[in-house]
Amino acid sequence: MVKYGGHVEAVRQADNKGTELYLVPYNHIKAIIFDEKDSAESCQTKFTAAWKEALQQAQTDFTQNVQEKVWQFLFEHLLQQQHPQHDDHDDDDNDNVLEEQQLTPIRGVHPGPALQLLVETSHPRVVQELLTKMTQIHRAAGINSEGLRKLVKKYDKHQPQDPTIYCLSAQLLPLLYTSTVYCGQSMLQDGIAFLRGLLSSQQQQQQEEDELASANGFSGTALSPFMVRHDSETRHQQATEMKLEEWDWLKRLVHSLLEESTSTQEHEAPSPLHDNNNKSSASLVPAQPPPTDSLLSHLVAHRGFHHIKDRNDKRPLENSLSAYELAWTAGIQLCECDIALTQDEHLVLAHDETFLRLALDPRLPNSKRRVSDLTLGELISLPLHSGVRPPLLIDVLRSALAISSSPNITTSTLCQLVIEIKPGNEAAASALARLLLQYPQLRPAVAMIMSFDVVTMHRLRAELTLGSLLQRQQQQQQPQQQKQGEPSSETTAGASVSSGTLNPVASLSQFGLIPHPPRVVSSASLVVDPGTAVAGSHALKRSSAHSQHSASSSRRQSFSSHPTSPFGSSSAIGLSISHHTDLDTIAGIAVEGGLEGPSTSLTPMEGDSLNDSSMATMDGGETHDKTQNQPSTTMVHSDNMPKLMLLTVSDPPAVPCELQVSIQDTSPIDHWLATPQGFGAALDGVYMQFEKHMLTEKGAAHLRDLRARGHLVGIWGYSGKDPDDYESFRWLVHQGKVTFVNSDLPNHFRKDVLVRMAST
């Protein structure tokens, strides 16, 4: 994997910031390998010493943090809740009896019941604090163990003179694989999954109680009168007119793009994908859906329909729900957003590390705190400039699907999000994978996911690939179980259902795929931890033979890396991808499971729009019965999973994990996007920073060459610095065959046409 050192530094500055958790000095140790001043013997001595010191520090840090921040934290809170506090000691005998009864549940308690007791007796904030600490420690341990393994691999690869002398894998890897930082991840991972499951059940119960209260006439808490601003009627009317004028402008822009696309097609040769007899309507609402390769299908509204100066008098605030709903309702098909993960693991839309820039009252302490340190409740109580709150990602996706099915919008196409994951935010990437696996009905609302962090993107591909494969296997096994008269997943003991979605139960440990009996799991039980896929595709052959048996410790003992789970049968993980093995080995699992094939070509260069019909073609979907059973040479993404793309820069990197590439030399891109084997973990394309050379014939030829090599191509630029106008956009799409082009939709985007349309 390229740029792992940059990934470590990005995580250090993002997810690991403020945690004081140890991360291996990957780049420092790697520099020892390539120091040409040292002899081979000296290099080996220095490398071994630095590597062992890093392993020792990682072990010490892991053990200390798990002991103090997890288990001591947990039992201290249990004692506070269980130990009786009395001011009156007149009846000591009764006090002793009461104390005996209250302390009994925690005596010699196993990890799972201890976690369950904490959830039942403590405040949700305490439970969430424990879960946050566990995920942070687990993430750091995974990065450290994978970094140490990669360093040994890199050393042996760079010292080919005498492998019997200089091969360190045989000397150092046994130390790593028996260390606490490596072996301890499995138990911590199971604990995270178990705790998420308990929290999910608790949240579902609270939601049901709230719905019942609402049905009984409870109207909720009224807004404080101090939150209501009483403007004059004139000012209110002016503000409404300005917003309506901006929205009309956007609808005219959409109409002009549709009109030109239809006009262009009338002069081109007929295409089997489109009906060239369709004429554009004179009204703002076309009589027929737009052509699938229209200019509109390539335009990406950056952070929704917003004002680049953070003004909300004319347009909605960036990354707000209204910014996306207005854009989609006007006919924009693709909108870009940035996501962040709250402390209590809710995905919200946020671009900056804090909301200080957008907060209505920047004096509030929460406006200066990192989004990852805030709970959802704290975010809801943090109003932004326009008075709205940061929206949940799931709410924006649901709006996209609802607007897509509405007959009253300007275009009859699928409204979709383009999601950016900030560098180093592994936690947000894993949470996004869990969301898409738990709610498959929301996947069509996501066109593409991208990040500057190539390691995070490849891991996200592995998580989505294996998650889809396991879900497909369970769906195939359920009819067989019912025919044999065995209990279905819905009636399996200890199961919990939160959304009606059946998720597979299997875990991926450092030893391979560990099958567990199928059952219904809660959304939080589907743990997709950042990391790499595992070796051993033969495990898939064994899973079907044993998945029909009930959950029992004896059956799990023969397959799991641990004789029994310390958290009980209900702690089985929906999906867990450890850091312990290479991403490349996912190929064996994916190919044997019938999920993917060699990545040689994605789609023809023409017709790259991402509406629902064309996406099925691009994804190798099951829409063509005649070719369904034929071998394919295209990358197949199962179950309408979104495209995954790598963001790159042309300027010098500002973040350690950023990859720099120029349009004049795109040769490194193939290596970044694909694994050496060219299978499962390949990404779909590259989202490049704009360069002036792209607007020349040679630059367009380089862009077309990327498309001919099977890569999707997107273009992003800086507001106010790079051109954001119709002519540049049209050139990139028509001449460069670019799939996505970011735009802030400035009023000058197509001013001449819009002024003429407004006057007629």
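When a residue number appears, it is its place in the shown sequence, counting from 1.
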Item to complete: Report yes if some heavy atom in the side chain of Leu349 is under 4.5 Å from a heavy atom in the side chain of Pro390; otherwise report no.
Response: no
Quick one about Ser145 and Gln185 (side-chain donor to acceptor, distance below 3.5 Å, no hydrogens or angles considered), yes or no?
yes
Determine whether Leu199 and Gln128 make a side-chain contact, defined as any pair of heavy atoms from C-beta on separated by less than 4.5 Å.
yes
Within 45 degrees of the ring normal and closer than 6.0 Å to the centroid, is that where the cationic atom of Lys133 sits relative to Phe73? yes
Side chain proximity check, Pro668 to Leu659, heavy atoms < 4.5 angstrom: no
> Trp716 vs Tyr718 aromatic rings, parallel, tilted or perpendicular, using cut-offs 30° and 60°?
Replying inline: perpendicular
Lys243/Glu246 ion pair, N-O < 4.0 Å = no
query = Step by step, would you call Asn65 with Tyr22 a side-chain hydrogen bond (donor to acceptor under 3.5 Å, both in side chains)?
reply = CA-CA 10 Å; Asn65 281 289; Tyr22 174 78; over 6 Å; no
Would you say that more than 12 heavy atoms from the other residues, nucleotides or ligands in this model lie under 6.0 Å from the CD of Glu241, or not?
yes
Shortest non-hydrogen pair, His302 vs Glu336, comes out as CD2-OE1, 3.0 Å
From the list Met457, Met645, Lys422, side chain to side chain contact (heavy atoms under 4.5 Å, CB included) with Ser451 holds only for Met457
In this structure, CG of Leu379 is separated from CG of Asn366 (nearest 0.5 Å) by 8.0 Å
Note to self: Pairing donors with acceptors under 3.5 angstrom, does anything connect the side chains of Asp724 and Ser743?
What the structure shows: yes
Should Leu393 and Leu417 count as side-chain neighbours, where that means a heavy-atom distance under 4.5 Å?
yes
task = Answer yes or no: is there an ion pair linking Arg461 with Asp684, defined by an N-O contact shorter than 4.0 Å?
result = yes
**Prompt:** Can you tell me if Glu325 and Ser399 form a side-chain donor-acceptor pair at under 3.5 Å?
**Reply:** yes
Note to self: Within the structure provided, determine whether Thr135 and Leu131 are in side-chain contact (heavy-atom separation under 4.5 Å).
What the structure shows: yes
Checking Leu299, Asp744, Leu250 against Phe749 for side chain to side chain contact (heavy atoms under 4.5 Å, CB included), the one that qualifies is Leu299
> Take atom NZ in Lys692; do more than 12 heavy atoms of anything else shown fall under 6.0 Å from it?
Replying inline: no
Applying side-chain contact (heavy atoms from CB on, under 4.5 Å) to Thr19 and not counting sequence neighbours gives Asn16, Leu21, Gln136
Query raised in the report: Do Arg459 and Glu463 sit within salt-bridge range, that is, some charged N less than 4.0 Å from a carboxylate O?
Result: no
If you count the non-hydrogen atoms of other residues, nucleotides and ligands that lie under 6.0 Å from CD in Glu245, is the total more than 12? no
query = Is it true that Glu318 and Arg357 have a side-chain N and a carboxylate O under 4.0 angstrom from each other?
reply = yes
Flag the pair Leu23 / Gln57 as yes when at least one side-chain heavy-atom distance between them is below 4.5 Å, and no otherwise. no
With the side chain counted from C-beta on, respond yes when Ile421 and Leu460 share a heavy-atom pair under 4.5 Å apart, and no when they do not.
yes
Check: Do Leu364 and Phe355 touch side chain to side chain, with heavy atoms closer than 4.5 Å?
Finding: no
